[in-house]
Every structure is written in structure tokens, then in C-alpha cells.
There are 2 protein chains.
Amino acid sequence: MAEPRRRNRSATRQRLLEAARHRFAKEGYEAASVRDIAGDAGVDAALVFRYFGSKKGLFEEAAAARTPTTPLDGPPEELPARLLHSLLFEDWSAYAGEHPLVAMLRSSAHDEARDHLREELCGTYVRALERLSDAPDAALRAELFSAWMLGIGVLRSVVGTPAISAATPQDLAPHLAAVASALFDRPVLGTPPPPPEATDHPGSPG
Amino acid sequence: MAEPRRRNRSATRQRLLEAARHRFAKEGYEAASVRDIAGDAGVDAALVFRYFGSKKGLFEEAAAARTPTTPLDGPPEELPARLLHSLLFEDWSAYAGEHPLVAMLRSSAHDEARDHLREELCGTYVRALERLSDAPDAALRAELFSAWMLGIGVLRSVVGTPAISAATPQDLAPHLAAVASALFDRPVLGTPPPPPEATDHPGSPG
DNA sequence: CCCAAAAGTCATCGGTCGATGACTTTGTAC
DNA sequence: GTACAAAGTCATCGACCGATGACTTTTGGG
């Protein structure tokens, strides 16, 4: 009933946004052309301007798609492990294989991208992490840990340094615990959380 | 004798390289145009192709200019502080105000830039840092610390998060010592080294 | 069936890009 | 002082960019 429609405004919009996320993440804002993005989506480039007004508008809407913030929930002593695990080992194939924050660095000459990066980092990561410390410089500690996570993501998926690229969650866990405990001056777990992949039959009414 | 020459090939080459470092650092490889770079250097854009063959050749030669590696020398327990201090508080005005490694992330969609980043990070930073640990995963520890430094640089000069942007060397010192000591499993100093800015009249040898 | 609106395409504009080669200016050796 | 080579400029090319508006195709209601 709803399937024989081949012309579908919202579906085409979504395909354009998806293609834009890929291209912007892989090539950066300047190098990604509207024609290429529209080609990936299988439509004409003129539709980009009809739907998003300009290339900039397309970028903003593509970047505005929030990254899931589920790793924020859970016990505080697991939060650093949760965040790092999400950044490194979640499936970010929709963003050319990199976490959006890492991919966005390629467009960091673009003001919109910088603002988006800062808002996402400060509003989400730092805000959650700074609760781990009671020290007066809790915000600095939270930013320092965010910097570490972002740096690990960069070295892993952008620069491709050998040890971090090959590291498994188990390899990182002890160092994560040590660094986070030192930075927040309290015990922090390093084991990555496996909550989404629950067992098939928990046996209880969850 | 050698000064009344106003047309000077090597001097013009250097001016072009300097302008290129600025533009590539600030705008990224794609967004920086040969015409703008040549304009900054005060010459015609055609000289870029005469001297460097192509825009890519200009980028490679501009990026190949080594960043000074003096912070590598000194006692090992000071090495992390030395590196971080150099990355954050040295005068990088020749690279648009950012450490070359941080600025190069803007061009990270370019293969040459990625290779250069990896070589510089692994060949210089990781190689020096991994001597701080005797553990079998010393390389991973060194990469993790390099990731932290790079991330701090990114948050400070690219993203501009408030706490790290406002932090002084003294603010960072205790956290640097804590994190480095935890990561390398040995005491590491957090105080930044002030060797280059010696007092005006030391008055005593050594 | 017909038609209007929506969805998508096409041709094209002005501008800029990297790159090339002919041309002009400058310094210098004879 | 003149000729020659180096240093630098200028005009221009083809390609691609973002963007626009007229055009064509599809969809769905009467």
C-alpha cells in the first residue's frame, strides 16, 4: 500500500542526509561536493538546494542528527568505560566508520562544525563526566578525559597508529581504569559494558 | 653585495612555504587555494607550480619542514611534561597558532597528511614515550599518552572547550603527573620545563 | 481521463579552482 | 651597454563548484 510510491520526499531527504554524513565524514566539508552526495543518494544535485537551501544547510542538518547518548545512563563508575567503548567499538558505519565527533574534525575549518563539536563535547560528554569529581576543577578533569577519548579515536581511525588500532576493549580496560581513576581521584572501572547485547531469555519481566 | 637582490628564488620559496603552512593549517588542504597562498606571499600563483610542481608538492614540502624536537632531550621523568608543554604553550604562530600535528588534522582527508601525521606521531612521540615503560604493551601506553596530548591540543585550539582553553601549565601539571604516572606505572613529573626561556643573566655556569 | 501539485531532472550561469605557456621585468656577466 | 638567463607576471584553459530556474515525469484526487 505504501510501497509502490517511488517518489518520496522524506525518504529522499533521508537518503541525502545519509550520503552527506558519509561524504562529509570521509572527505571533509570542502572536499565533499553536492554533486557527489546527490549521486550517492541516486538523485539530482538540484534536490539538495530544493530541500536544504544550500550546501551549508545540508551540512548543518546532517550534523544535527544526534548521536545516540545511551551510554550516558548507568552507574557513574562505569561511565568512562561506557563512553570510550561507545566511541571506539560501536558500529559507526553510518558515519564512514568513525564516531561523528572524530569525523567532524575533518571539517573543523568550518565554523558550524567547530560549534557543533564544542556543543556536543561540552553539553554531553563533559557535562556527564564532571559529576565524577568533587574537586573545584571538575570541569577541567572532565575535559581532559574527553580529550583523551577523542585523541584515542583520532589515533585509531584517522591516523591509524598500530597499537591503538589493534587494541581490543580488554587491552584498553586496565589503562582506562588507571587513567580515569587518577584523573577523577576515585575508583573507576575499566571494563566495557555489554548492556545492549542482552541474553536471549533474561527470564524476568524487564 | 647579496642584499640589493630583490628577486630571490630561495627567499620567495620560503615565503611561499610559510604562507602555505599558515593557510593549510587554518583552512585545510582543500579549502586553501594556491592563489590565496601566493597572494599572502606577495607573488603570482604561477610561481607555486614553477617551484613546487603542483599544489600537492607544495603541501608535502610545507609539511615536511620538521617541527623542532628539542623537547625530546632531558630526563625521562620530565618527558611527558616537556612534550605537552611544547605542544600547548610553545609559540606556533608560524602554523596559524596551532601545533602542526593538530593543524594537520584539518587536512586528514588527504592521504599525504595522514601519512605525515602517523610518521611524526609514531616516529617521534611514541618512540620516545615507550621507553618510559617496561611493560609488554609499552607501545600501547605510549600511544595512549600521545592520544591524550593530541586530544588536549584539539580541545584547546580547535574545539575551544572552556576549561582546557583557559588552563595554565600550573593547572595542568598535577593532572599530567597523575595520568602519566598511572599510564606508565612509574613516577612522572608534571611540572613544565622552562629551559629555553633562561633568565637574562644567570651569573653562574650551569 | 484529466489536471494540478509534487518530485525529480536538465541546462546553464557565474565563479573559482589547479595548471600551463607566453610574456615582461630584473639582475648580472661580458 | 648589451645580451642572456633567471625571476616574476599575465592571459587563459578546461574542469568543477554551488546555485538557479525552467522543464519533465510521476502521483493522486475529482
Side-chain angles (χ1 to χ4, degrees), chain A residues 1-63 106-107 109-113, chain B residues 1-63 106-107 109-113:
Chain A
M1 187 60 64
E3 61 149 283
R5 289 188 57 154
R6 300 188 302 169
R7 291 189 167 189
N8 185 326
R9 177 186 176 94
S10 66
T12 300
R13 269 183 63 102
Q14 290 307 313
R15 291 225 310 282
L16 279 171
L17 286 172
E18 184 179 356
R21 275 190 288 268
H22 260 93
R23 288 272 179 181
F24 287 139
K26 199 190 318 182
E27 307 174 2
Y29 177 80
E30 298 285 343
S33 81
V34 171
R35 283 175 174 83
D36 287 342
I37 292 170
D40 292 348
V43 295
D44 190 272
L47 276 192
V48 166
F49 303 96
R50 181 183 294 272
Y51 288 164
F52 304 98
S54 65
K55 181 186 184 181
K56 190 164 140 182
L58 172 64
F59 178 83
E60 291 180 12
E61 191 154 336
R106 287 219 181 80
S107 305
H110 209 52
D111 285 341
E112 325 285 342
Chain B
M1 184 64 64
E3 61 148 285
R5 289 187 56 153
R6 300 187 304 170
R7 291 190 165 188
N8 186 323
R9 179 187 175 95
S10 66
T12 301
R13 268 184 64 103
Q14 290 307 313
R15 290 227 309 282
L16 279 171
L17 286 172
E18 184 180 355
R21 276 191 287 270
H22 261 93
R23 288 273 177 181
F24 285 139
K26 198 191 319 182
E27 307 175 2
Y29 178 80
E30 298 286 343
S33 81
V34 172
R35 282 175 174 82
D36 287 343
I37 293 170
D40 292 349
V43 296
D44 190 272
L47 276 193
V48 165
F49 303 97
R50 182 184 291 272
Y51 288 163
F52 305 97
S54 65
K55 181 185 184 181
K56 190 165 141 184
L58 173 64
F59 178 83
E60 291 180 12
E61 191 156 336
R106 289 218 181 80
S107 304
H110 210 52
D111 285 340
E112 324 285 343

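Note that this is a predicted model, so its numbers are computed, not measured. Every chain is numbered from 1 and lettered A, B, ... according to where its sequence line falls, protein lines coming before strand lines.
Between A:R9 and C:dA7, a side-chain N or O to OP1/OP2 separation shorter than 4.0 Å is present. Look at B:T12 and you'll find a side-chain N or O under 4.0 angstrom from OP1 or OP2 of D:dG8.
The nearest whole Å value for the distance from the CG atom in B:L58 to the P atom in C:dA19 is 10 Å. Rounded to an integer number of Å, the gap from B:R7 CZ to D:dA7 P is 9 Å. For the pair A:N8 CG and D:dT25 C1', the interatomic distance rounds to 16 Å; values are reported in whole Å. Rounding to whole angstrom units, CZ of residue A:R23 and C1' of D:dC17 are separated by 14 Å. For A:R15 and C:dG8, the CZ to C1' distance is 12 Å, given to the nearest whole Å. We find that CZ of B:R13 is positioned 16 Å from P of D:dA6, with the value rounded to whole Å.
Of all the heavy atoms in A:A31 and B:E30, the pair that sits closest is CB-CG, 3.4 Å. Heavy-atom minimum distance, B:A32 versus B:I37: CB-CD1, 4.5 Å. Annotation for B:S107 and B:A113: closest pair O-CB, 3.2 Å, computed over non-hydrogen atoms.
For the pair B:K55/B:Y29, a side-chain contact is recorded, criterion being any heavy-atom separation below 4.5 Å from C-beta on. A:F52 places none of its side-chain heavy atoms less than 4.5 Å from the side chain of A:E60. At least one side-chain heavy atom of A:R23 sits less than 4.5 Å from a side-chain heavy atom of A:D40.
Taking a 4.0 Å limit (strictly below) on heavy-atom distances, residues 32-55 of chain A reaches DNA chain D at A:A32, A:S33, A:V34, A:R35, A:A46, A:F49, A:R50, A:S54, A:K55.
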